[in-house]
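Data block below; observations after.
What you see is a predicted model; the values in this text were computed from it and never measured. All chains are named by letter (A, B, ...) in the order of the sequence lines, taking the proteins before the strands, and each is independently numbered beginning at 1.
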Number of protein chains: 2
Amino acid sequence: MEETFLEAVKEKMRQKGYKITGPRLAIIRYLTREKGHPDIQEIFEDIRVEKPGIGMATVYRTVSLLLELGILRAITLRGHHLRYELNWPDHHHHHLVCNRCGQVTEFGNCNFQLMSGEIEQVTRFKIEEHALEAYGLCPQCLSARLDYSTENI
Amino acid sequence: MEETFLEAVKEKMRQKGYKITGPRLAIIRYLTREKGHPDIQEIFEDIRVEKPGIGMATVYRTVSLLLELGILRAITLRGHHLRYELNWPDHHHHHLVCNRCGQVTEFGNCNFQLMSGEIEQVTRFKIEEHALEAYGLCPQCLSARLDYSTENI
DNA sequence: CTCACTTTTGATAAGCATTATCATTGCCTG
DNA sequence: CAGGCAATGATAATGCTTATCAAAAGTGAG
Ligand SMILES: [Zn+2]
Ligand SMILES: [Zn+2]
Ligand SMILES: [Zn+2]
Ligand SMILES: [Zn+2]
């Protein structure tokens, strides 16, 4: 899976005339390993461990390139700075964020197509994509809060 | 409606010990008039017309205050900078953005509660809020594109 | 209404994140 | 394995947001 994806990425870069360089490969490999939602600073710091000489500008440039190629996906949670994740094929999902500890979980149960038809009828738009984020309390913070309210009785 | 809302805002500010000042009133009045989704720069420029002396710092501070009080709502479209709209009571809605011209339309047909129960079961989160944005082509851009593809036959 | 107290304001400086610049390095094709 | 051109890394520049602080304005008591 990872290898096939990496080859597809390289092929896409070659087709568009971009060079496959050391820094770019390191960043792509890192992103295929990393399963979370790192921001640009985290990407920079993690890459620096294996490639100490890399510059922040290169990380910015590579992330922009991967976004342009559709390899990377950017998400915003509560309007905070951007976080990134690989755009694996056939993996439609959204994010659930804990309001207390910030933990991010993914969920795939998306029924958006049930409302999109009606929205298209009402607005006359043709819908192409959508973004959805849910906010609440994760299981850990939920039980912590329950304990707290019990204390207060 | 507008007057009732304005009074409710004033009351909320008094309760929290915030002073009702000229600049703050001007910004709130402007936001009740404005029906779009201005960003901080647009708010600043529009307010400056009626209150030429106002400083950018005050606009930033007032927007933060209104967000804290739940009077204002912030939205991000495609991870771009924040845009704002008043949090009118009982007006749950989301945004539909044209990928070509950027036009923003609101829609109220939201079936999120149909999926939230299942997501809560799977993830064990307690969901409190959600944000949803749809992207596509507005009616104008849609017909423009249809014309264009006809030309190309 | 006036005064005294406290918050708010506006101008300015400071702080960060992102982008632009440019000489040097390093892919890639032949 | 060399030449050409894109990419890199260091640094400067830009732009947006927050912090600072003296002056102004809102509030509540008298
Ligand atoms: Zn949590
Ligand atoms: Zn979806
Ligand atoms: Zn449009
Ligand atoms: Zn909704």
(message) Is there a continuous path of hydrophobic side-chain contacts, each under 4.5 Å between heavy atoms, that joins Val104(B) to Leu96(B)?
(response) no
(request) Using a heavy-atom cut-off of under 4.0 Å over every strand shown, decide if Gly53(A) touches base, sugar-phosphate, or nothing. (result) sugar-phosphate
(request) Starting at atom CD1 of Ile47(A), determine the distance to atom C1' of dG9(D), rounded to an integer number of angstrom. (result) 15 Å
(request) Take Arg83(B) and Glu133(B), measure what salt bridge (Lys or Arg N to Asp or Glu O under 4.0 Å) needs, and give me the verdict at the end. (result) CA-CA 13 Å; Arg83(B) 298 188 160 274; Glu133(B) 305 93 44; over 6 Å; no
(message) Rounded to whole Å, please give me the gap between OH in Tyr60(B) and C1' in dG15(D).
(response) 9 Å
(message) Could you tell me how far apart Phe44(A) (CZ) and dT18(C) (P) are, to the nearest whole angstrom?
(response) 13 Å
(request) Could you check how far CE of Met56(B) sits from P of dA14(C), rounded to whole Å? (result) 20 Å
Only pairs under 3.5 Å count here: list side-chain donor-acceptor contacts from residues 108-124 of chain B, not counting sequence neighbours, and write none if there are none.
from      : atom 1 : to        : atom 2 : distance (Å)
Asn109(B) : ND2    : Glu118(A) : OE2    : 3.0
Ser116(B) : OG     : Gln113(B) : O      : 3.2
Glu118(B) : OE2    : Asn109(A) : ND2    : 3.1
Glu120(B) : OE2    : Ile127(B) : N      : 2.8
Thr123(B) : OG1    : Ile119(B) : O      : 2.7
Thr123(B) : OG1    : Phe125(B) : N      : 3.3

(request) Name the residue closer to the 5' end of DNA chain D, choosing between Ser64(B) and Gly55(A) according to the nucleotide with the nearest heavy atom. (result) Gly55(A)
(request) Would you check if the side chain of Arg24(B) reaches a backbone N or O of Lys19(B) as a donor-acceptor pair within less than 3.5 Å? (result) yes
(request) Would you mind reading off the distance between Tyr84(A) atom OH and dA17(C) atom P, rounded to a whole angstrom? (result) 13 Å
(request) Specify the separation, in whole Å, of atom CG of Leu82(B) and atom C1' of dC16(D). (result) 12 Å
(request) Would you mind building the protein contact string for nucleotides 20-30 of chain D? One character per nucleotide, 5' to 3', B for base within reach (heavy atoms under 4.0 Å), S for sugar-phosphate only, - for untouched. (result) B-----BS---
(request) Let me know the distance between NZ of Lys16(B) and P of dT7(C), rounded to the nearest Å. (result) 16 Å
(request) Starting from C1' on dT8(C), measure out to CG on Leu65(B) and report it in whole angstrom. (result) 11 Å
(message) Can you confirm whether Met13(A) sits close enough to Leu65(A) that some side-chain heavy atom of one is under 4.5 Å from a side-chain heavy atom of the other?
(response) yes
(message) How close do Tyr84(B) and Ile40(B) get, counting heavy atoms only, and between which atoms?
(response) CE1-N, 4.1 Å
